[in-house]
Amino acid sequence: MPPPKNTNDEVVRVNFDFRRALAEKVEGNLAGFCYQCGACVGDCPAATYSSVFNPREIMLKVLYGLGEELLVEDSVLWLCTNCYNCHERCPQDVKPVEVIISLKNMLADRGIYPNAVEKIIRTFEETGRTTPISAAVERNREKYGLPPLSPVPMDEIHALLEPAESEGESA
Ligand code: SF4
Ligand code: SF4
């Protein structure tokens, strides 16, 4: 990918405000170590099945500070499956998946996330789990000799969520 240009064919300056904001997230500063080898792409299921998703290009956009191309409605970021193959492959310990998670968190801070993610959030708030536990799940656990799941300490979950909940109320 060549350096980004604007419509007047001038080179666009790196948006360091975006990079600084990303660096404040967990592992958000790691893209700075990316040397664009592309090793993260080969085993990426999202890149295999989508022509618009490429973790190397996402790291390059971060390096260029092109946050506004990533932090949009219907962002390609949500195509990442969080499989961590890129983390295993990267020779620079960039942890592309962690950078992508940080970018997703920036989107969520703006209130932008797919319905499926909203559903997971609601399930977590209500049950303390990201997936509802059905009788079928319990039966399968028994079949494989696993103990029943322990009850979730919901008071602890709500105590952990409290700062985010009060932020949401005051927003
Ligand atoms: S494998 Fe690591 S260094 Fe190579 S392009 Fe991907 S993130 Fe960058
Ligand atoms: S974690 Fe995301 S970016 Fe990394 S290999 Fe898996 S799908 Fe691709």
Side-chain angles (χ1 to χ4, degrees), residues 1-6 10-125 127-134 137 140 144 146 149 152 157 160-161 164:
M1 186 186 285
K5 293 183 175 183
N6 64 17
E10 293 164 351
V11 173
V12 177
R13 296 196 182 283
V14 171
N15 179 347
F16 285 106
D17 288 341
F18 160 70
R19 287 191 45 178
R20 270 191 288 272
L22 177 60
E24 281 174 16
K25 300 285 183 191
V26 178
E27 317 269 34
N29 61 338
L30 292 174
F33 298 104
C34 173
Y35 57 16
Q36 289 290 293
C37 68
C40 52
V41 183
D43 269 349
C44 171
T48 301
Y49 292 104
S50 163
S51 57
V52 294
F53 185 91
N54 181 314
R56 180 193 61 74
E57 285 187 3
I58 292 172
M59 295 310 111
L60 186 57
K61 284 187 176 176
V62 169
L63 289 169
Y64 283 158
L66 297 175
E68 295 314 315
E69 288 190 17
L70 295 167
L71 304 180
V72 291
E73 297 277 352
D74 296 328
S75 174
V76 293
L77 297 168
W78 299 108
L79 297 175
C80 171
T81 63
N82 291 4
C83 69
Y84 280 75
N85 283 354
C86 53
H87 176 39
E88 299 286 329
R89 285 293 194 110
C90 179
Q92 285 290 89
D93 285 338
V94 166
K95 301 185 191 171
V97 58
E98 297 286 353
V99 177
I100 291 168
I101 289 170
S102 292
L103 289 163
K104 287 176 180 171
N105 285 336
M106 289 178 83
L107 273 171
D109 290 347
R110 297 178 180 194
I112 303 171
Y113 39 80
N115 290 342
V117 171
E118 185 170 8
K119 209 167 158 189
I120 292 169
I121 294 168
R122 295 285 157 257
T123 305
F124 182 70
E125 285 173 345
T127 68
R129 301 186 194 280
T130 52
T131 310
I133 303 304
S134 62
V137 170
N140 272 336
Y144 293 112
L146 296 167
L149 289 165
V152 175
I157 299 282
L160 285 169
L161 292 176

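Numbering of ligands and ligand atoms starts at 1, following listing order. The figures here come from the full heavy-atom set of this structure, side chains too, leaving out hydrogens, waters and symmetry mates.
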Practice task
Mark up the atoms of ligand 1 that fall under 4.0 Å of a heavy atom belonging to Cys90, in ascending order.
Solution key: 1 (S), 2 (Fe), 3 (S), 7 (S)

Handout entry: Test side chain to side chain contact (heavy atoms under 4.5 Å, CB included) applied to Leu77 and Met106, step by step
Key = CA-CA 11 Å; Leu77 297 168; Met106 289 178 83; over 6 Å; no

Exercise for the section: Please state which part of Phe33 comes within less than 4.0 Å of ligand 1, counting heavy atoms only: side chain, backbone, both or neither. Expected result: neither

Exercise for the section: May I ask you to list the atoms of ligand 2 that are less than 4.0 angstrom from any heavy atom of Val97? Expected result: 1 (S)

Practice task
Give a yes or no on whether Cys86 keeps an N, O or S atom under 2.8 Å from atom 4 (Fe) of ligand 2.
Solution key: yes

Practice task
Keeping the roles fixed (side chain from Asp43, backbone from Asn85), state whether a donor-acceptor pair exists under 3.5 Å.
Solution key: no

Problem - Contact with ligand 1 for Arg89, non-hydrogen, under 4.0 angstrom - result: no

Problem - Glu118 bridged to Arg122 by N-O distance under 4.0 Å - result: yes

Practice task
For Ile100, counting its heavy atoms only, list the atoms of ligand 2 lying under 4.0 Å from any of them.
Solution key: 3 (S)

Handout entry: Pro55 touching ligand 1 at heavy-atom level, < 4.0 angstrom
Key = no

Problem - Region of Leu79 engaging ligand 2 - heavy atom pairs below 4.0 Å - result: neither

Practice task
Using modelled atom types only, decide if a donor and an acceptor are shared between the side chain of Ser75 and the backbone of Leu71 within a distance under 3.5 Å.
Solution key: no

Handout entry: Atoms in ligand 1 with a heavy atom of Pro96 nearer than 4.0 Å
Key = 7 (S)

Fill in the blank from the handout: Contact region, Cys37 to ligand 1, non-hydrogen atoms below 4.0 Å, reads both

Practice task
Below 4.0 angstrom from a heavy atom of Gly38, which ligand 1 atoms are there? Numbered from 1 as shown, please.
Solution key: 4 (Fe), 5 (S)

Exercise for the section: Could you walk me through whether Arg20 and Glu24 pass salt bridge (charged side-chain N to carboxylate O under 4.0 Å, His left out), step by step? Expected result: CA-CA 7 Å; Arg20 270 191 288 272; Glu24 281 174 16; over 6 Å; no

Completion exercise
protein heavy-atom neighbour closest to atom 6 (Fe) of ligand 2 works out as Cys83 SG, 2.3 Å

Fill in the blank from the handout: So the atoms of ligand 2 within less than 4.0 Å of a heavy atom of Thr81 turn out to be 2 (Fe), 6 (Fe), 7 (S)

Practice task
Can you pull out the closest protein heavy atom to atom 8 (Fe) of ligand 2? Residue, atom name and distance to 0.1 Å, please.
Solution key: Cys44 SG, 2.3 Å

Handout entry: Distance from atom 2 (Fe) of ligand 2 to nearest protein heavy atom, with residue and atom
Key = Cys80 SG, 2.3 Å

Problem - Spatial distance of atom SG (Cys90) from atom OH (Tyr35) [nearest 0.5 Å] - result: 7.5 Å

Practice task
Please tell me if the side chains of Met59 and Ile100 come closer than 4.5 Å, counting only heavy atoms from C-beta onward.
Solution key: yes

Practice task
Quick one: look at Tyr84 and ligand 2, take heavy-atom pairs under 4.0 Å, and tell me if it's side chain, backbone, both or neither.
Solution key: backbone

Fill in the blank from the handout: What one should report as the nearest heavy-atom pair of Thr81 and Pro45 is OG1-CG, 3.8 Å

Handout entry: Exam field: side chain Arg56 to backbone Ala39, donor-acceptor pair closer than 3.5 Å
Key = no

Practice task
Mark up the atoms of ligand 1 that fall under 4.0 Å of a heavy atom belonging to Gln36, in ascending order.
Solution key: 5 (S), 8 (Fe)

Practice task
Check ligand 1 against Pro91 and write out every atom of the ligand that is under 4.0 Å from a heavy-atom position of the residue.
Solution key: 1 (S)

Problem - Distance-minimising heavy-atom pair for Phe18 and Leu103 - result: CZ-CD2, 3.7 Å

Handout entry: Nearest-0.5 Å distance that lies between atom OH in Tyr113 and atom CG in Asn105
Key = 12.0 Å

